Student: 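My questions all concern the structure below.
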Amino acid sequence: MSDSGPEAPPDPQRERELEALLALSRRGRAKLERLHEVLTSPGHFGTGATPSTVVYRENKLRLLRLLDESGQPRRGPPVLFVPAPVSRYFIMDLLPGRSFAGFVAAAGFDVYIADFGTPTREDRFADLAYYVDGLVRRCVRTVAALTGESSVNIVGYCLGGTLSLLYAALYPSTVKRLVLLTTTVDGDVQGGIAWVAHRMGLAGESYDEPRLVPAAEVKSWFEMLSPGSNSVVGRVSDLWDRLDDPADRLREVRTMASWVDDVVPAPGRLLAELYRKFGPGVNGLMAGTATVGDRLIDFAQLSMPVLAVSAEKDTIAPPEGVDAVRRIVPQVEVLRLPGGHVGIVAGRAAAALWKRTVEFLGSGGSQGVAQ
Amino acid sequence: MAEETAKTESTLVERWLAEQQQWQRTLLTYLDSVVKNDDFLVHLGNAMRGSLLAGKPYPSAPAAGAATPENAADDRLDRVLFALHELQGQVQDLRLTLEELSNRDKKRGKKSKSGKHKDTE
């Protein structure tokens with residue numbers, strides 16, 4: 001005979017609470033298991049998705065030439081992609097099926113990508129002339145030498161677009177067609193990375209005694225542009241919410257994160273020069289006072305067709321500052337696409353930009369270009 | 001089928017116990033990866049900062065001397081190194097110019113050969 005009386009019937013309210021807690025526990029565990037699966041998955045982080053070969057090296061720069069399925073260089077009109085030197089190049093060639101450069105290559109072009117690499121301390125002395133009149137110019141010369149073409153198509157992205165625009169104005173006869181993606185030309189337009197960097201003290205960056213601006217500092221400027229992303233709590237909370245997504249989707253997010261979060265240190269002299277020449281108040285690109293080295297830039301020299309693309313929801317390069325290019329380059333075609341700074345080149349809706357770019361590059365009698 | 005029936009028939013307490021065991025397994029999996037896979041710890045650290053960045057740690061404050069040299073000798077060395085990089089570029093320019101000249105000569109040679117060939121025809 002037991003001391004205790006008959007077992008009390010379960011309290012339905014309490015049972016419901018415990019069931020809910022159990023479901024919560026299972027969901028949290030599933031998220032952690034998915035995170036483990038993603039973190040242990042192999043991937044191509046930090047490299048492009050398309051097979052390529054290095055055709056030129058200088059300092060940290062590598063010039064990559066995309067290869068076809070048989071491992072051979074493609075035959076077609078050459079296109080040089082110039083990404084921003086403060087971020088990694090592989091945003092242009094992110095994932096199989098999500099590669100801007102791969103798409104252009106598949107359309108029949110011989111595609112090259114400039115990978116500026118990761119600057120180290122001595123590169124803090126690199127200025128605008130080093131990039132425009134040095135690295136970009138020698139990339140173009142190398143492409144011309146390899147293909148036998150006297151002029152090449154250039155696609156510049158973000159700050160890479162600024163370098164491309166300046167290069168094209170200095171050496172117009174070597175540029176067949178120019179595409180500028182989310183490239184700010186009007187430094188007086190508020191918002192955007194240049195404005196934030198100005199507010200965060202870029203004005204104090206020394207040209208004569210430059211430092212290598214740490215990646216964490218450059219990253220903090222980008223974080224200032226997207227509310228919540230500059231707090232660890234906000235980022236962890238976002239990631240936790242995302243862990244409900246399927247593992248495949250998370251792997252894509254991871255690849256994108258491997259670009260977004262992998263900001264490289266920036267040469268302080270370059271940033272100081274960009275700020276002093278093109279930044280708020282001076283606005284040299286719009287004012288016609290821009291120089292590279294001691295050479296004055298004259299946009300009237302830009303005789304080639306130019307396509308400038310802005311993104312409606314771009315917080316890094318506000319569309320007004322991009323579209324302003326029509327005030328300095330008369331023959332430019334300005335296209336504004338829905339999406340953000342990264343989304344229009346590598347997001348799920350990026351195909352609109354890729355197709356328009358191929359149309360633009362392919363027009364004008366290019367041979368071997370499949371549409 | 002029998003398993004399914006067993007699942008539906010298990011009590012709340014039993015399901016909680018099973019869940020606890022699953023948690024132990026999950027944590028052991030993490031522990032196992034931390035021990036066996038060096039990269040995993042970096043990736044886990046990034047995830048704990050809210051990032052899925054792979055292959056390297058999330059950007060953080062650089063080590064002392066990474067942004068600017070700590071003494072004058074290092075500064076001079078950096079200047080020399082960068083000057084060498086600039087020289088490397090100039091040498092590459094020279095090489096490219098020589099290649100262009102050589103290619104131009106080849107093209108001219110071909111043209112003149114084909115011209116002569118036509119003349120003889």
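Quantities reported herein were computed from a predicted structural model and do not represent experimental measurements.
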Student: Testing the basics here: between B:Ala54 and A:Ser258, what is the closest heavy-atom pair and its distance to 0.1 Å?
Tutor: N-OG, 3.1 Å
Student: Is A:Arg242 close to chain B through its backbone or its side chain, or both, or neither, when contacts mean heavy atoms under 4.5 Å?
Tutor: neither
Student: Is the shortest side-chain heavy-atom distance between A:Arg121 and B:Leu81 below 4.5 Å?
Tutor: no
Student: Assess whether side-chain contact (heavy atoms from CB on, under 4.5 Å) is satisfied between B:Phe82 and A:Arg124, documenting all intermediate values.
Tutor: CA-CA 9 Å; B:Phe82 187 70; A:Arg124 68 189 191 279; over 6 Å; no
Student: If you apply the rule side-chain contact (heavy atoms from CB on, under 4.5 Å), what do you find for A:Asp261 with B:Leu52, and how did you get there?
Tutor: CA-CA 8 Å; A:Asp261 292 342; B:Leu52 288 176; over 6 Å; no
Student: Contact between A:Glu209 and B:Thr68 at the side-chain level, heavy atoms closer than 4.5 Å - yes or no?
Tutor: no
Student: For chain A, which of B:Arg79, B:Glu86, B:Glu99, B:Lys56 has the most heavy-atom pairs under 4.5 Å?
Tutor: B:Arg79
Student: Under a 4.5 Å heavy-atom cut-off, does chain B meet the side chain of A:Thr142, its backbone, both or neither?
Tutor: both
Student: Select one option (side chain, backbone, both, neither) describing which atoms of A:Leu239 are under 4.5 Å from chain B's heavy atoms.
Tutor: side chain
Student: Side chain, backbone, both or neither: which part of A:Arg251 has an atom under 4.5 Å from a heavy atom of chain B?
Tutor: neither
Student: Contact part of B:Glu100 toward chain A, heavy-atom cut-off under 4.5 Å: side chain, backbone, both or neither?
Tutor: side chain
Student: Check whether A:Ala144 gets within reach of chain B through its side chain, its backbone, both or neither, counting any heavy atom under 4.5 Å.
Tutor: neither
Student: Between B:Leu44 and chain A, with a heavy-atom cut-off of 4.5 Å, which part of the residue counts as in contact: side chain, backbone, both or neither?
Tutor: both
Student: Yes or no on side-chain contact (heavy atoms from CB on, under 4.5 Å) for B:His85 and A:Phe125, after CA distance, side-chain angles and deciding distance?
Tutor: CA-CA 11 Å; B:His85 289 317; A:Phe125 298 109; over 6 Å; no
Student: Return the CZ to CG distance between A:Arg29 and B:Leu27, rounded to the nearest 0.5 Å.
Tutor: 10.5 Å
Student: If you count heavy-atom pairs under 4.5 Å with chain A, which of B:Asp74, B:Asn37, B:Asn103 comes out on top?
Tutor: B:Asp74
Student: When rounded to the nearest 0.5 angstrom, what is the spacing between NE2 in A:His36 and CG in B:Asp32?
Tutor: 7.0 Å
Student: How close do B:Gln88 and A:Glu58 get, counting heavy atoms only, and between which atoms?
Tutor: NE2-CA, 3.7 Å
Student: In terms of heavy-atom proximity below 4.5 Å to chain B, should A:Leu35 be classed as side chain, backbone, both, or neither?
Tutor: both
Student: What part of A:Leu21 lies closer than 4.5 angstrom to a heavy atom of chain B: side chain, backbone, both or neither?
Tutor: both
Student: Which bit of A:Arg26 is near chain B, if near means a heavy-atom gap under 4.5 Å: side chain, backbone, both or neither?
Tutor: both
Student: Examine whether an atom of B:Asn46 lies under 4.5 Å from a heavy atom of chain A, and if so say whether it belongs to the side chain, the backbone or both; otherwise answer neither.
Tutor: neither
Student: Can you confirm whether more than 12 heavy atoms, excluding those of A:Arg295, are under 6.0 Å from its CZ atom?
Tutor: yes
Student: Is the shortest side-chain heavy-atom distance between B:Arg15 and A:Glu19 below 4.5 Å?
Tutor: yes
Student: So which atom in A:Ser25 and which in B:Trp23 form the shortest heavy-atom distance, rounded to 0.1 Å?
Tutor: OG-NE1, 2.7 Å
Student: What part of B:Ser60 gets within 4.5 angstrom of chain A, counting heavy atoms only: side chain, backbone, both, or neither?
Tutor: backbone
Student: Can you tell me which portion of B:Asp39 sits under 4.5 Å from chain A's heavy atoms? Options are side chain, backbone, both or neither.
Tutor: neither
Student: How far apart are the closest heavy atoms of B:Tyr30 and A:Leu32, and which atoms are they?
Tutor: OH-O, 2.5 Å
Student: If you take all heavy atoms of B:Gln90 and A:Arg138, which pair is closest and at what distance?
Tutor: N-NH1, 4.3 Å
Student: Contact between B:Thr97 and A:Arg141 at the side-chain level, heavy atoms closer than 4.5 Å - yes or no?
Tutor: yes
Student: A side-chain contact here means heavy atoms from C-beta on lying under 4.5 Å apart; do A:Val260 and B:Leu53 qualify?
Tutor: no
Student: Would a 4.5 Å heavy-atom cut-off, applied to side chains only, mark B:Val13 and A:Leu18 as touching?
Tutor: no
